[in-house]
Amino acid sequence: MRKYSKVIVIAASYAALALTALNIALRIPAYTNVIMGCFAVAAVISITILVFFAINFERERARKERENISQIMQSINAMAILWDADFRYVEVNSCLTNAIGYTSQDLSDIKTLKKVLPADAFAPSLQAVVNNRDEEFYVTAKGGAKVCTIWNTSIVSVTTVRKRTRYLMLSIGLDLSESIKMKEDLIKYSKELAESETRYSLSMELSEIGLLLKASGNSSYYVSQQLRNMLGINSEYISEGVLRARFHPADVMTFDTLGNAMVNCAAQDEESVRAVHFTEFRLLSADNTYHWYQFRYKITPNQSKILADIGGAILDITKDKEKDSLIEKMAYIDDVTQIYNRNKFMQIGQETFECSRDSAINYWVIVLDIDNFHIINDTCGYTNGNKLLNEFGKVVQDALTSGGFGARIGGDNFALLIRDNGDENLPVNIIRRIQDQFKIICADSFSSQGMTCSAGYCKMSDGGEDFAKVLDHAEFSLSMSDGTKNDIIRYDNAVHDKIIKSAAIENELVKAIDNHELTLYYQPKIHLGNGTLIGMEALIRWVRPDGTVVPPSEFIPVAESSLLITKISDFVLYEACRQNKMWQDMGLPPITVSINLTAVDFYQTDVKESIIRALDATGLDPQWLDVELTESLALKDIDHAIQQMQEIRDLGVKLSMDDFGTGYSSLSYIQVLPITLLKLDRSFIMYLEEDEISREIVSAVIRIAKSKKIETIAEGIETIGQADILKEAGCDHAQGYFYGKPMPKDKFEEFMKIKARESVSANS
Ligand code: C2E
Ligand code: MG
Ligand code: MG
């Protein structure tokens, strides 16, 4: 106000002077002068007051405006400087002071401000401000640190006070340090990402791994580029339906299982949700064939815990599968028949056994044996023998129409595993079908009417702690076949009792040996040409205290499995030699005594030593001892057999091949085994009169044996017809009920005496 009082005084003085001059010039009366003077003074005062208020209003407006701007400045999240053009007024906000460490008071001092802002910031052309350009520069924080900032300045207030226009500029600045770092990080990250993406897609491409992902609720799967290449599809997404249609029909269930797993996932415990799962399936692929794929995946329940996401890596494993199937083929496929072998049968059987144990589903196990298979092998050769096995394999496979599993489990033995359908006749019906079919094949391809096969079978639930036992039962039933053609025997209580019985026999046999209940019977061997007695076979009998005689078939197998056989064999060897020597010493014509040895004797003991001991102890000349060995025994370990046999032969003891023709392969072995006599099995002789093939075989065998300087003997001759045929075929010797049954030593002694007398009278 004081400022304005001067103005008023000066204005009033000028007004008074003007009035005085006007009075003098116009000679205006004095009172009029007084009145006018008063008006003039009043006018001057009013104008002065008006000017005063106008100026004040303008200032107040400017102040309020600044205050508003100030408030805005403080509230914004950016650095701000409010300044006038000549930097006489500077206000900063807390965001700036916080960023650079100076107080707002420090910064209102132009010297400090100059330290903070770069020099060119102080000469901003008004034009630049008007152009509203962004300017980027560093501000210097307290302590010297540079902060990168970007500023935008605009004129926020224009006031004109007493003709002077005043601009207020507001500079808004942003701290770029963070965003620069972010930018740098971003560049670095995207570079790394690009690199890792390249690496990732390269590794995916090289390792040929595809990705398959599906988010819960989506009906389409995301298919990675690699998988698209593998499957030959273009689209990045494939619908469930289209993907399912690409699955191999046999693997569609796997696809559906995945779907179920996703639905059930929420119900699973944490651990199984975290687990990585595997599955394998075939998918129609780019080359329009089915490839095998392995899918390693995880299923994660989504938030709703009702549905789940699924995702995983897919790898083409076709080549591995091919290798696997080759390995599987080598390990599990039988070469001759191209069906599964025993190993596979045991494996599948055991798995089935374990599954069926806790379920109501039952299975049948059938074991088949081609009766007298050796006939084809011997008469038609191995190639045809194998051809027959191959044909039989097909018959077995064809029998599995209602599902099941077939295998060749050894030699001419085949086995089937069939699911029970509640019909107790099912196995017999299947066996009959196989027998009929086999007959047709033999007639068509091998011109043989006589080929048959026998079977033993059992139900899986009929006992046994594992599948091997179940198969044992079926095989045991088969072994009970008495050689009847097309025999079918079920493992039942009778068979079971037999197994139990063998355990009991074993116990009793131990006592029987100690109680000397074992004795030898002798069966004559006759020269077919002149009917003379040339030898005898010592056949063991177990005569119980009550007089009942137990045949060897009942206790020899038991003795073999319990190793009691070595005790028995020692007894037989000694007793046969002793008895023979005794009869020779009695003056009876010397003949050969044959004894039977088993595989256990042959492989687990030193047979040669036992023989030497027996001969030494009894004084029998080795030439009167003959050891009968079976063909299957010799084939167990052919090299060992040849060596052992040769050692026996070197002692001067004879060697016979017993039951010749019952094994899988035969004729070729007589060429390498050092045997002196071939015993044609009873099964050949049995059908000799009515079966042309048997006749042909017998003739062929005799011919071959002769060519090898091996004598032949036919066992089981019961009729004169058989004897005549054999005689004609050139067989050297004969053994059978027709000539004499096995008899106790006293009876046989009588028989020997009769034969001796006959021979004397024939010669005289
Ligand atoms: P194998 O060595 O082949 O003996 C011949 C078997 O055929 C004897 O049965 C004999 O009685 C029987 N046999 C002989 N001729 C005829 C015939 O015309 N018709 C019929 N139906 N059968 C005939 P066996 O004595 O019951 O002996 C059976 C098997 O037991 C023998 O077969 C042999 O493998 C074994 N065996 C017998 N004694 C001994 C022994 O001391 N030690 C060993 N390890 N095994 C023996
Ligand atoms: Mg024998
Ligand atoms: Mg025999």
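For ligands, and for the atoms within them, numbers begin at 1 and follow the listed sequence. Small disclaimer: the values here were computed from a predicted structure and weren't measured.
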Any Gly716 heavy atom less than 4.0 Å from ligand 1: yes
Pairing of Lys747 and Glu750 as salt bridge, 4.0 angstrom limit: no
Identity and separation of the nearest protein heavy atom to atom 42 (N) of ligand 1: Asn596 O, 3.4 Å
Asp681 near the Mg ion (ligand 3): N/O/S under 2.8 Å: no
Contact atoms of ligand 1, heavy-atom distance to Glu715 under 4.0 Å: 3 (O), 5 (C)
Closest approach of any protein heavy atom to atom 6 (C) of ligand 1, naming residue and atom: Leu539 CD2, 4.8 Å
Parallel, tilted or perpendicular: ring planes of Phe414 versus Phe392, cut at 30 and 60 degrees: tilted
Heavy atom of the protein closest to atom 19 (N) of ligand 1 (residue, atom name, distance): Glu718 OE2, 2.5 Å
The Mg ion (ligand 2): angle it makes with OE2 (Glu537) and OE1 (Glu628), nearest 10 degrees: 90°
Min heavy-atom dist Lys741 to ligand 1 below 4.0 Å: no
Heavy atoms of other groups near Glu728 CD, more than 12 under 6.0 Å: no
Atom of Asp659 nearest the Mg ion (ligand 3) (restricted to N/O/S, atom name only): OD1
Protein non-hydrogen atom found under 4.0 Å from atom 9 (O) of ligand 1: no
Exercise: do Ser569 and Asp601 side chains pair donor with acceptor under 3.5 Å: yes
Per-atom contact, atom 2 (O) of ligand 1, protein heavy atoms, under 4.0 angstrom: yes
Whether Asp658 has an N, O or S atom under 2.8 Å from the Mg ion (ligand 3): yes
Pair Lys745 + Glu749, salt bridge at N-O below 4.0 Å: no
Sidechain N-carboxylate O distance under 4.0 Å for Lys525, Glu628: yes
Check: Lys469 main-chain N/O paired with Asp466 side-chain donor or acceptor under 3.5 Å: yes
Those atoms of ligand 1 less than 4.0 Å from some heavy atom in Ile717: 18 (O)
Which residue and heavy atom of the protein sit nearest atom 40 (C) of ligand 1, plus the separation: Ile540 CG2, 3.8 Å
Ion pair check, Arg342 and Asp334, cut-off under 4.0 Å: no
Residue pair Asp659, Thr630: steps toward the side chain to side chain donor-acceptor pair (under 3.5 Å) verdict: CA-CA 6 Å; Asp659 303 341; Thr630 59; 5.9 Å; no
For atom 21 (N) of ligand 1, closest protein heavy-atom neighbour: Arg682 NH1, 2.9 Å
Side-chain ion pair, Lys511 and Glu508, N-O less than 4.0 Å: no
Distance filter under 4.0 Å to Val572 heavy atoms, resulting ligand 1 atoms: 41 (O)
Protein residue, atom and distance nearest to atom 15 (N) of ligand 1, heavy-atom basis: Gln523 NE2, 3.1 Å
Lys679 and ligand 1 - part of the residue with a heavy-atom distance under 4.0 Å: neither
Value rounded to 0.5 Å, distance of CZ in Phe748 from CD1 in Ile754: 11.0 Å
Protein contact of atom 36 (N) of ligand 1 - nearest heavy atom, named by residue and atom, plus distance: Pro552 CB, 3.9 Å
Test item: side-chain donor near acceptor, Ser454 and Asp487, under 3.5 Å: no
N-O pairing of Lys654 and Glu711 below 4.0 Å: no
4.0 Å heavy-atom contact, Pro742 with ligand 1: yes
Whether Arg541 lies under 4.0 Å from ligand 1, heavy atom: yes
Side chain, backbone, both or neither: Asp659 near ligand 1, heavy atoms under 4.0 Å: side chain
Proximal ligand 1 atoms for Thr598, defined as those under 4.0 Å from one of its heavy atoms: 44 (N)
For atom 23 (C) of ligand 1, closest protein heavy-atom neighbour: Tyr737 CE2, 3.4 Å
Given Leu573, Ile595, Asp606, the one that forms side chain to side chain contact (heavy atoms under 4.5 Å, CB included) with Ile611: Leu573
Test item: protein heavy atom less than 4.0 Å from atom 32 (O) of ligand 1: no
Check: Arg649/Gln646 side-chain N/O donor and acceptor closer than 3.5 Å: no
Metal proximity, Asn596 vs the Mg ion (ligand 2), N/O/S cut-off 2.8 Å: yes
